[in-house]
Amino acid sequence: HKNVQTLLTAFSMAEVDLAIGLVMTGTPDEAMFKEIEQAGLTDRIRFIGGLSDEQLARWYRGAIALACPSSYEGFGMPVLEAMACGVPVVATRVGAFEELVVQDKTGALIEAGNTAAMVAAAKDILTNPERLAAQSKAARAHMEANFRIEQEAAAITSVYRRLLNS
């Protein structure tokens with residue numbers, strides 16, 4: 001459901017600076033390695049395995065953008081983690097992504113499986129330094145204004161109080 005094939009295809013089609021690489025968490029299986037080889041991306045993709053929260057934050061702070069091509073997603077914590085580090089997001093219109101990403105302000109929302117849209121959204125961020133800077137700043141501000149842990153705790157407490165009082 002993570003739809004890695006769309007990401008790999010989009011990355012190979014994006015025609016962006018060859019110095020730009022793709023960093024992926026987790027450990028790839030044999031089929032994914034074959035897809036990467038077939039796409040000619042072996043030298044441009046790095047797998048970093050499982051990371052601590054601190055290590056993950058360092059990687060996010062060094063990122064240009066986060067791509068989430070999922071065909072299904074629950075809440076999507078990586079989107080908030082990236083935005084907290086000032087990283088704009090290209091995500092699919094699934095799960096909570098539409099509530100987290102503000103179109104053309106904190107990144108871009110695309111239909112799941114739409115490789116052409118992912119390429120266009122990624123190129124828009126990667127080739128436009130002014131847009132990248134604005135979306136980076138907006139991503140951090142949006143996360144702080146709308147998804148602080150204190151706000152989330154207050155909202156959950158409010159739900160419990162209503163349930164207890166009904």
Side-chain angles (χ1 to χ4, degrees), residues 1-4 6-8 10-11 14 16 20-28 45-114 117-166:
H1 74 276
K2 295 297 182 185
N3 209 0
V4 175
T6 296
L7 178 61
L8 295 176
F11 188 65
V16 295
I20 295 173
L22 183 63
V23 176
M24 299 176 72
T25 58
T27 305
I45 297 179
R46 179 173 179 184
F47 287 90
I48 54 175
L51 301 173
S52 70
D53 291 341
E54 293 80 21
Q55 292 169 318
L56 189 58
R58 278 195 296 271
W59 278 99
Y60 278 132
R61 285 191 297 271
I64 297 171
L66 174 72
C68 291
S70 301
S71 55
Y72 168 82
E73 193 68 50
F75 183 71
M77 225 23 214
V79 169
L80 285 184
E81 292 168 343
M83 292 189 339
C85 294
V87 177
V89 176
V90 176
T92 49
R93 295 182 181 279
V94 299
F97 289 164
E98 288 187 274
E99 294 177 38
L100 305 176
V101 178
V102 180
Q103 180 68 33
D104 296 326
K105 183 175 179 187
T106 65
L109 290 163
I110 63 168
E111 297 304 320
N114 188 335
M118 176 155 283
V119 170
K123 283 177 83 168
D124 188 46
I125 291 172
L126 297 174
T127 61
N128 187 332
E130 294 83 20
R131 180 169 299 214
L132 172 62
Q135 288 187 358
S136 295
K137 185 176 180 180
R140 171 79 182 181
H142 179 67
M143 196 289 303
E144 286 182 348
N146 297 289
F147 301 102
R148 296 183 60 80
I149 190 68
E150 295 85 2
Q151 291 168 305
E152 299 300 316
I156 291 169
T157 300
S158 175
V159 169
Y160 280 126
R161 285 190 178 136
R162 278 185 294 185
L163 291 172
L164 290 172
N165 292 329
S166 59

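Numbers here simply count residues along the sequence, with the first being 1.
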Discussion item. Does Glu144, at its CD atom, have more than 12 non-hydrogen atoms belonging to other residues, nucleotides or ligands within less than 6.0 Å?
Written reply: yes

Check residues 45-56 and write down every donor-acceptor pair under 3.5 Å in which the side-chain atom is one partner and the other belongs to a residue at least two apart or another chain.
residue, atom, partner, partner atom, Å
Ser52, OG, Gln55, N, 3.1
Ser52, OG, Gln55, OE1, 3.3
Gln55, OE1, Ser52, N, 2.8

Worksheet, complete the sentence: Rounded to the nearest 0.5 Å, the CG atom of Leu80 sits from the NE2 atom of His142 at a distance of 8.0 Å

Item to complete: Can you measure from CZ (Phe97) to CG (Leu109) and round to the nearest 0.5 angstrom?
Response: 9.5 Å

Item to complete: Verify side-chain contact (heavy atoms from CB on, under 4.5 Å) between Thr92 and Thr6, making sure each step is shown before the conclusion.
Response: CA-CA 11 Å; Thr92 49; Thr6 296; over 6 Å; no

Worksheet item: Which pair of heavy atoms, one from Ala121 and one from Ile110, lies closest together, and at what distance?
Response: CB-CG2, 4.4 Å

Worksheet, complete the sentence: Minimal heavy-atom distance between Ala108 and Val101, with the atoms involved, is N-CG1, 4.0 Å

Worksheet item: Can you list every pair that meets side chain to side chain donor-acceptor pair (under 3.5 Å) and has a residue in residues 101-113, with sequence neighbours left out?
Response: Arg93-Glu111

Worksheet item: Is Ser158 reaching over with its side chain to a backbone N or O of Ala154, donor-acceptor style, under 3.5 angstrom?
Response: no

Discussion item. Nearest 0.5 angstrom please: Leu164 CG to Ser166 OG, how far?
Written reply: 8.0 Å

Worksheet item: Taking it one step at a time, do Leu100 and Phe147 satisfy side-chain contact (heavy atoms from CB on, under 4.5 Å)?
Response: CA-CA 9 Å; Leu100 305 176; Phe147 301 102; 3.5 Å; yes

Worksheet entry | Distance-minimising heavy-atom pair for Leu66 and Ala82 | CD2-CB, 3.6 Å

Worksheet item: Within a strict 4.5 Å, meaning less than it, do heavy atoms of the Glu73 and Val79 side chains meet?
Response: no

Item to complete: Please name the pair of heavy atoms, one in Ser71 and one in Ala112, separated by the smallest distance, quoted to 0.1 Å.
Response: CA-CB, 4.0 Å

Worksheet item: In Å and rounded to the nearest 0.5 Å, what is the CG to CE distance from Leu8 to Met118?
Response: 10.5 Å

Worksheet item: Which pair of non-hydrogen atoms, one from Ala63 and one from Val87, has the smallest distance, and what is that distance?
Response: O-CG2, 4.1 Å

Worksheet item: Under the 3.5 angstrom rule, does the side chain of Arg140 hit a backbone N or O of Ala84 as a donor-acceptor pair?
Response: yes

Worksheet entry | Within-4.5 Å side-chain heavy-atom neighbours: Tyr60 and Pro78 | yes

Worksheet item: So, the side chain of Gln151 versus the backbone of Ala145: is there a donor-acceptor pair under 3.5 Å, distance only?
Response: yes

Discussion item. Can you give me the closest heavy-atom contact between Cys85 and Ala57, atom names plus distance?
Written reply: SG-O, 3.9 Å

